[in-house]
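First comes the structure, then the notes that go with it.
As the structure lists them, so they are numbered: ligands from 1, and atoms in each ligand from 1. Residue indices begin at 1 and follow the sequence shown.
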Amino acid sequence: MTFQNLFTALRAAFPSDLDQTAVETTAPDGQTLRYSWRDLEHASARIANLLASLQLPEGSRVAVQVEKSVEAMVLYLATLRAGYVFLPLNTAYQSGEIEYFVGNAEPAVVVCTPGNFGWVSKIAFRAGTQQVFTLGDDRTGSLLERAAHHGDTHEPAAKGADDLAAILYTSGTTGRSKGAMLTHGNLLSNALVLKDYWGWTATGGPEGRGDVLIHALPIFHVHGLFVAIHAALLNGSKMIWMAKFDPKAVLAAMPRATVFMGVPTLYVRLLAEPGLTKEAAKNMRLFIAGSAPLLIETFTAWQQRTGHTILERYGMSETIMLTSNPYRADARHGGQSERRGSTVGFPLPGVGLRVVDDANRALPVGEIGNIQVQGPNVFKGYWRMPEKTAEEFTADGWFKTGDVGQVDERGYVSIVGRSKDLIISGGYNVYPAEIESAINELPGVAESAVVGVPHPDFGEVGVAVVIARPGAQPEGEAILAALKAQLANFKIPKRCFVATELPRNAMGKVQKNLLRAQYEKLFA
Ligand code: MCA
Ligand code: AMP
């Protein structure tokens, strides 16, 4: 069979009755909105036709920084359909961050919120962008106005498995963010595997039409954009779509749903709701967690409160999903079906995973080392950074995840640490190097170190330690306020201390482990 556009594969799974509800959501004005499968088909065709009418060069990027809405998802589908490359951007990013992404990716089209048009369009036009559209979360803006003039049928662009579908920016321990290039083949192969491995079904469930997904994650990262949306669409499953995570709204939706996906912070916040009981969760089939380590306390408390065992999985922007605890018996692993806390389960079918030492030599079972992976889901490389791409692959073609872990005798993978200097806060990645260089630019600062410490809500948060220049007296609060003007809010350290020196080893390297130990109980 010849490979099809990812959109074509997703659309082929729409139910035969296109008038059924595909997505249900609450509009900003409180109104319940229902979108049928036909609505998704027509609305994505109109936007795809609009994009096609712009006669963009092959491989053009469509960069999108908008609030979550069903139309924003349709814009993603339309970009695939028209054969262009989707580039989602976190709504928290500020102008300096957007300037970098837009300058680096050189998108032909940028879509932003109506409120941000002034500054975003300036950045975009300076970078050579042809068109800047706006899209509000209340169906306003020039994108939909223009799309309304286009037809509601559209033949999806022919795409090969190796053609680019999306670029996701992911930071690095050194230097600026890198755009991970994901292909139609990467995304579709992973979605097909997950549909099967997680037992998605088109029968039974609260409406007799199979699974219903509660979608409460942002749609500018792998978890909310690909894992959640593809799984639901590929199964013809309805989504209960939430613009923002609200634990009470999720609880209220559970009786009408079967699957929920969240980062650990979402589970922690749901556990704080007295309404979370076995009764409330009794119709649910599956709770999936990932993007950050799920504490065993959360895993166990969830089991006790709901009677459900969270299925934890592991992935990356560069690879989409890599491993998963089993949903049902996995014949490759002795029929094992147990979901084990503190593990991320087995490599998904088709994914190769090995644990190696620093010389890339495979380690025996149970030993801790660097995790490397292979498979049809592994990205094509970093956008316009061939040397960075080469650095992250071994000579024999394995991708170096930067995660440190082990595989036990039963085949379960555990992540025990990271070789990359990275903080994962509430499921968002924060690279200390980026924050430190922003702090070091501030007046009165000689140097700084940012470390991740445990936090009851976000799992981990950043803490900054700053050394003053001679004669200067910078203040922690003022430093944080200055950072807020430059960086996405989730990257701002939760505390900033001014110290007289940073602990260093004999080589002069800052001993971050000592700083982490010093501030470990700050939020206990
Ligand atoms: C918000 N704040 C945060 C975070 N989120 N601080 C640290 N870490 C965070 N994640 C801060 C804001 O800066 C703000 O501070 C205050 O909290 C309130 O902001 P608000 O936006 O109202 O917060 P919220 O709505 O409560 O958001 C928390 C959240 C959100 C719902 C947990 O962070 C979230 O949706 N996280 C999910 C991220 C995700 O989808 N990750 C998947 C990546 P101030 O008031 O001081 O300004 S994909 C991935 O990692 C891989 C591939 C994978 O395996 O899935
Ligand atoms: P990102 O760059 O946003 O794609 O984040 C990918 C990183 O998130 C991985 O390299 C891991 O360090 C981390 N991650 C994702 N899922 C898990 C998990 N279940 N447990 C621990 N870490 C995870």
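Annotation for Glu477: atom CD does not count as buried by contact number, only 12 or fewer foreign heavy atoms lying within 6.0 Å.
For atom 33 (O) of ligand 1, a protein non-hydrogen atom is found at a distance below 4.0 Å. For atom 46 (O) of ligand 1, a protein non-hydrogen atom is found at a distance below 4.0 Å. For atom 13 (O) of ligand 1, the nearest protein heavy atom lies under 4.0 Å away. There is a protein heavy atom closer than 4.0 angstrom to atom 38 (C) of ligand 1. Under the 4.0 Å distance rule, the nearest protein heavy atom to atom 16 (C) of ligand 1 falls outside the cut-off.
Ring geometry for Tyr267 versus Trp302: interplanar angle over 60°, hence perpendicular rather than tilted (30 to 60°). In this pair, Tyr93 and Phe490 present their aromatic rings tilted. The plane angle is within the 30 to 60° band.
The single protein non-hydrogen atom nearest to atom 41 (N) of ligand 1 is Gly427 O, 3.0 Å, given as residue, atom name and distance. Looking at atom 44 (P) of ligand 1, its nearest protein heavy atom turns out to be Lys484 NZ, 4.6 Å. Given atom 30 (C) of ligand 1, the protein heavy atom at minimum distance is Tyr428 CE1, 4.1 Å. Considering only non-hydrogen protein atoms, atom 20 (N) of ligand 2 sits nearest to Glu312 OE2, 3.4 Å.
Remark: aromatic rings of Phe260 and His215 are distant, center separation not under 6.0 Å. Between Tyr412 and Phe346, the ring centre distance stays below 6.0 Å.
Each of Asp403, Asp396, Thr394, Asn360 was compared with Gln372 under the side chain to side chain donor-acceptor pair (under 3.5 Å) criterion, and only Asn360 meets it. The side chain to side chain contact (heavy atoms under 4.5 Å, CB included) test with Val430 singles out one residue from Ile435, Ile424, Leu422, and that residue is Ile435. The salt bridge (charged side-chain N to carboxylate O under 4.0 Å, His left out) test with Asp211 is passed by exactly one of Arg285, Lys195, Lys238, Arg256: Arg285. Results of the side chain to side chain contact (heavy atoms under 4.5 Å, CB included) test with Pro88 over Thr79, Ile219, Leu168 single out Leu168 as the only residue that passes.
The parts of Ser317 lying near ligand 2 are both backbone and side chain, judged by heavy-atom distances below 4.0 Å. By the criterion of a heavy-atom distance under 4.0 Å, the backbone of Ala292, and not its side chain, is placed next to ligand 2. Of the heavy atoms in Lys420, only side-chain atoms (C-beta onward) come closer than 4.0 Å to ligand 2. Contact annotation: for Val263 versus ligand 1, heavy atoms closer than 4.0 Å belong to the side chain alone. Looking at Val222 against ligand 2, nothing comes within 4.0 Å, counting heavy atoms.
Residue Thr265 has at least one heavy-atom neighbour below 4.0 Å for each of these atoms of ligand 1: 32 (C). Of all the atoms in ligand 2, the ones that sit under 4.0 Å from a non-hydrogen atom of Ile424 are 8 (O), 12 (O), 13 (C). Contact atoms of ligand 1 toward Ser317: 52 (C) (distance under 4.0 Å to a heavy atom of the residue). The Asn489 neighbourhood of ligand 1 comprises atoms 12 (C), 13 (O), 47 (O), with distances under 4.0 Å to a heavy atom of that residue. Within ligand 1, counting atoms from 1 as listed, the ones closer than 4.0 Å to a heavy atom of His221 are 43 (C), 48 (S). Within the listing of ligand 1, atoms 42 (C), 48 (S), 55 (O) sit less than 4.0 angstrom from a heavy atom of His223. When each atom of ligand 2 is checked for a heavy atom of Met316 under 4.0 Å away, the hits are 4 (O), 6 (C), 9 (C), 10 (O). Within ligand 1, the atoms closer than 4.0 Å to a non-hydrogen atom of Lys494 are 3 (C), 6 (N), 7 (C), 11 (C), numbered from 1 in the order shown. Which parts of ligand 1 touch Val222 is read off a 4.0 Å heavy-atom cut-off, strictly below it: atoms 48 (S), 52 (C).
Nearest to atom 16 (N) of ligand 2 by heavy atom, out of Ser324, Ser414, Gly405, Ser291, is Ser291. Heavy-atom proximity to atom 35 (O) of ligand 1, evaluated over Gly224, Gly426, Pro218, is greatest for Pro218. For atom 54 (O) of ligand 1, the nearest non-hydrogen atom from the set Arg269, Met316, Arg313, Met261 comes from Arg313. Nearest to atom 3 (O) of ligand 2 by heavy-atom distance, out of Asp403, Asn325, Asn429, Leu422, is Asn429. Selection from Phe220, Phe226, Phe458 by nearest heavy atom to atom 4 (C) of ligand 1 gives Phe458. Nearest to atom 50 (O) of ligand 1 by heavy-atom distance, out of Pro493, Ala228, Pro247, Ser291, is Ser291. For atom 15 (C) of ligand 2, the choice among Pro293, Gly315, Gly417 with the nearest heavy atom turns out to be Gly315. Among Ser425, Ala92, Gly315, the residue whose heavy atom lies nearest to atom 7 (C) of ligand 1 is Ser425.
Remark: the backbone N or O of Val344 is paired with a side-chain donor or acceptor of Thr323 at under 3.5 angstrom. Judged by distance alone, with hydrogens and angles left aside, the side-chain atoms of His455 form no donor-acceptor pair with the main-chain N or O of Val461 at under 3.5 Å. Not a single donor-acceptor pair under 3.5 Å links the side chain of Ser414 to the backbone N or O of Gln406. Listed for the Arg61 side chain is a donor-acceptor partner under 3.5 Å among the backbone atoms of Ala105. Between the side chain of Ser448 and the main chain of Val465, no donor-acceptor pair closer than 3.5 Å is present.
Considering CG of Asn489 and CG of Leu483, their distance stands at 12.5 Å, rounded to 0.5 Å.
For Lys388 and Tyr382, the positive end is not near the middle of the six-membered ring at less than 6.0 Å and at most 45° from its axis.
Among all heavy-atom pairs drawn from Gly345 and Asn325, the shortest one is N-ND2, 3.4 Å.
Under the 4.0 angstrom criterion for non-hydrogen atoms, Arg313 is in contact with ligand 2. Judged by the shortest distance from any of its heavy atoms, Lys491 lies outside the 4.0 Å radius around the atoms of ligand 1. Proximity of Glu318 to ligand 2 is not established, as no heavy-atom distance is less than 4.0 Å. Residue-ligand proximity: Leu217 is placed with a non-hydrogen atom under 4.0 Å from ligand 1.
Side-chain contact, Asn370 with Asp358: a donor N or O sits under 3.5 Å from an acceptor N or O.
Between Tyr431 and ligand 2, no pair of N/O atoms sits closer than 3.5 Å.
The pair Lys68-Asp137 does not count as a salt bridge, with every side-chain nitrogen at least 4.0 angstrom from each carboxylate oxygen. Salt-bridge check for Arg269 with Asp246: failed, with every basic side-chain N at 4.0 Å or more from each acidic carboxylate O.
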